[in-house]
Amino acid sequence: MTHFLPRLIAGATRTLSTDLGCTGCVALAVFLASCSTIPPARDEGGLVEGLPRYSLVFIIHGDGDYLYHDTLGNARTADKEVLSKAQAIAERNPDTEVFIFHEIERGHVLFLFPRHDGRAYYYRNGRLLAQKSYWRDQGESRFEPEVRLYEQFTGVQSRPPLRLFFYFGHELPEFNGAGYDASYAKRRVTIHDLAAGVRGIASASGKIDLLVLATCFGGTPSTIGALAP
């Protein structure tokens, strides 16, 4: 855990920093008291079955402008690179369960049929156990679809003792938030919506042990105040 967590945060945050054009994206670690094809696990023979030690939840926002060019001039998409890193972590850590929610821009198949704008993946003990495409506008609150899928994937299983939550994307506004999602120009998204989503994921246990924002301006007093409870 001590090896792959800093590597993920550092690598993915650098990617988002280039994309967002900020002087530097803030990776804030706040310790709190209270269908598609995926590569198989690399070493299934060494998987350890049983209750994982860690539970990781990734929400990766890709419904916006995340295109950038690296130093060689190659076009890259930040959210897809973060997705790849998160999947690699899920496959290489047999004592971990990982939930990945990739929020993408809504599109159409053959210009006619609406395409799902969310993709969810559930890994446990290094194996991909479930994946599902979903709609991101099927809930009363902004992150309710992700919370519902999280509950569906977990079922009645016991939660690991350590729970970590990661959000990668543009700055989450403290108020207004119109246009945050490119596919939903009229929908308002703020840090309080994310806080409600985290609360739904924390559910009965009431706490997340580590919460990371890989966004611009993720360390303001208002943002910390919204997430701390």
Side-chain angles (χ1 to χ4, degrees), residues 1-16 27-34 36 38-61 79 81-103 119-132 143 145-169 194-215 218 224 227-229:
M1 195 67 180
T2 57
H3 295 296
F4 72 77
L5 182 56
R7 187 165 62 248
L8 172 77
I9 297 173
T13 304
R14 284 198 299 273
T15 298
L16 287 173
L28 167 65
V30 185
F31 283 90
L32 305 181
S34 26
S36 61
I38 304 300
R42 296 176 182 269
D43 182 16
E44 295 195 5
L47 292 177
V48 178
E49 299 297 345
L51 179 64
R53 297 173 57 196
Y54 307 101
S55 180
L56 282 66
V57 178
F58 295 87
I59 295 183
I60 304 167
H61 186 257
D79 60 298
E81 295 204 356
V82 175
L83 173 63
S84 177
K85 293 175 185 290
Q87 289 175 327
I89 283 178
E91 294 167 2
R92 295 170 183 171
N93 289 273
D95 58 352
T96 302
E97 70 169 3
V98 181
F99 305 81
I100 304 172
F101 301 98
H102 186 203
E103 302 178 339
R119 294 171 185 160
Y121 309 86
Y122 174 47
Y123 292 81
R124 191 178 178 92
N125 299 117
R127 290 195 179 98
L128 176 60
L129 299 185
Q131 58 181 323
K132 185 173 184 178
F143 292 97
E146 284 82 8
V147 172
R148 283 204 307 262
L149 281 170
Y150 175 85
E151 294 172 345
Q152 176 184 325
F153 289 156
T154 57
V156 295
Q157 300 178 82
S158 299
R159 297 272 56 75
L162 291 177
R163 305 173 69 187
L164 294 77
F165 180 94
F166 305 83
Y167 182 85
F168 293 86
L194 180 64
V198 173
R199 183 166 56 247
I201 289 172
S203 62
S205 74
K207 78 182 181 74
I208 299 291
D209 297 285
L210 174 68
L211 192 152
V212 176
L213 297 184
T215 71
I224 296 174
L227 294 172

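Residue numbers start at 1 and run along the sequence shown.
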#### Entry: Nearest non-hydrogen partners of L149 and A120, listed with the distance
CD1-CB, 3.9 Å

#### Entry: Straight-line distance of I59 CD1 to F166 CZ, nearest 0.5 Å
12.0 Å

### Query
Passes side chain to side chain contact (heavy atoms under 4.5 Å, CB included), D95 versus Y54? Steps please.
CA-CA 7 Å; D95 58 352; Y54 307 101; 3.9 Å; yes

### Query
With a 4.5 Å heavy-atom cut-off, do F58 and F168 have their side chains touching?
yes

### Summary
Output for pair (L162 CG, I208 CD1), nearest 0.5 Å, gives 11.0 Å

### Closest non-hydrogen atom pair between N125 and P52, with its separation
ND2-CG, 4.3 Å

### Query
What pairs with H61 under ring pair (Phe, Tyr, Trp, His ring centres under 6.0 Å), at least two apart in sequence or on another chain?
Y66, Y180

#### Entry: Spatial distance of atom OG (S84) from atom CG (D79) [nearest 0.5 Å]
11.5 Å

#### Entry: Min side-chain heavy-atom separation K132-Q152 under 4.5 Å
yes

### Query
Taking it one step at a time, do V98 and Y121 satisfy side chain to side chain contact (heavy atoms under 4.5 Å, CB included)?
CA-CA 8 Å; V98 181; Y121 309 86; over 6 Å; no

### Query
Any idea which heavy atoms bring Y123 and I100 closest together, and the distance?
CE1-CD1, 4.0 Å

### Message
For a 4.5 angstrom cut-off between non-hydrogen side-chain atoms, does E146 reach E103?
### Response
yes

### Message
Salt bridge check, R163 against D209: does any charged N sit closer than 4.0 Å to a carboxylate O?
### Response
no

### Query
So how far is it from F165 CZ to Y167 OH, rounded to the nearest 0.5 Å?
8.5 Å

### Message
The criterion is salt bridge (charged side-chain N to carboxylate O under 4.0 Å, His left out); which residues satisfy it with R199, sequence neighbours excluded?
### Response
none

### Query
Under a 4.5 Å cut-off applied to non-hydrogen side-chain atoms, are L56 and I89 in contact?
yes

### Query
Do L227 and L211 come within less than 4.5 Å of each other through their side chains, counting heavy atoms only?
yes

### Message
Which heavy atom of F143 sits nearest to which heavy atom of G197, and what is that distance?
### Response
CB-CA, 4.0 Å

### Message
Checking E97 now: which residues fulfil side chain to side chain donor-acceptor pair (under 3.5 Å) with it, not counting sequence neighbours?
### Response
S55, Y122, R124, R159

